[in-house]
Amino acid sequence: MKPQIVQIRKELLSIINAVKTRIEIEKGFGVNTITLSKPNNVMTQPAKNPLTKKKPIKTTEADRQINVSEKERKSQLLEELRKEMLVCHKCSLGKTRTNLVFGVGDPMAKLMFVGEAPGRDEDLQGEPFVGRAGQLLTKIIEAIGMKRSDVYIANVLKCRPPGNRNPLPEEIVLCMPYLIKQIETIQPKVLCALGTFAAQTLLNTKAPVGTLRGRFHEYKGIPMMVTYHPAYLLRNPNDKAKVWDDMKKVRDFLNEL
Ligand code: SF4
């Protein structure tokens, strides 16, 4: 066989393998259908100019030191906030919680997820998104090529509403300053609101999540994607494809940075 044909065959095989891997990831995330929809981004991204290649950025030792100290500074601020919240009883949920569910992840995260409130598993373990919905969120994160430890995950409410009832408006008002401080400390490049309460609270709107999802909004200058909550997806698996579409937009946005 001619060397060029061998080379073309090799390249074709590597493309087929890459496609296979992508299909496996999408199947793992649970997407069985492909939706064809018009892009409806509010924040229109400029088209890629293939001639303007990004210059590789060299990380010097000085940059590395700055990053380390910045991470330490953010970790310290978050820890101080967590300690402050451990004794919080501003609303009645402080009395019924087993554990405060502060938030988890990389203080330097480029992507921050915001959910609604802790459930039973989260209340018992003191960590957000550790139950079945949390396992699905981990798969979603992995499907866009990231690890759970790369992102930051928090909720609007830090204590579990009894019986997993919906958060009350007064509980959200009292707890929101903590989430705002978390976002201000982490300064993510992108926020992702999971479900109705996170989206409506951060965007100060009553619009349903179904009309908000699928496009970037803005929270205090930070681009914010809205998508369905993983717990909703467990009950409505047919909507996984929509979340996959939303998350691909987040992935592409992060890749453009
Ligand atoms: S839900 Fe928020 S405001 Fe209410 S007690 Fe817990 S930390 Fe405090």
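In listed order, ligands and their atoms are each counted from 1. Excluded from the calculations below are hydrogen atoms, water molecules and symmetry mates; all remaining heavy atoms, backbone and side chain alike, are included. Positions are given from 1 along the sequence.
- Separation of atoms CD1 (I172) and CD (E116) is listed at 8.0 Å; rounding is to 0.5 Å.
- The set of protein atoms (N, O or S) found at less than 2.8 Å from atom 8 (Fe) of ligand 1 reads C88 SG, by chain and number.
- Annotation: salt bridge (charged side-chain N to carboxylate O under 4.0 Å, His left out) contacts of R132 (sequence neighbours excluded): none.
- Atoms of ligand 1 lying under 4.0 Å from at least one heavy atom of R97, given by number and element, are 6 (Fe).
- Scored by the salt bridge (charged side-chain N to carboxylate O under 4.0 Å, His left out) test, E72 finds no partners at all (sequence neighbours excluded).
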Task: Trace of the side chain to side chain contact (heavy atoms under 4.5 Å, CB included) decision for V101 with C159 - done: CA-CA 6 Å; V101 181; C159 304; over 6 Å; no
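- Two rings, from F113 and H229, have their centers 6.0 Å or more apart.
- Under the salt bridge (charged side-chain N to carboxylate O under 4.0 Å, His left out) criterion, D121 pairs with no residue at all, not counting sequence neighbours.
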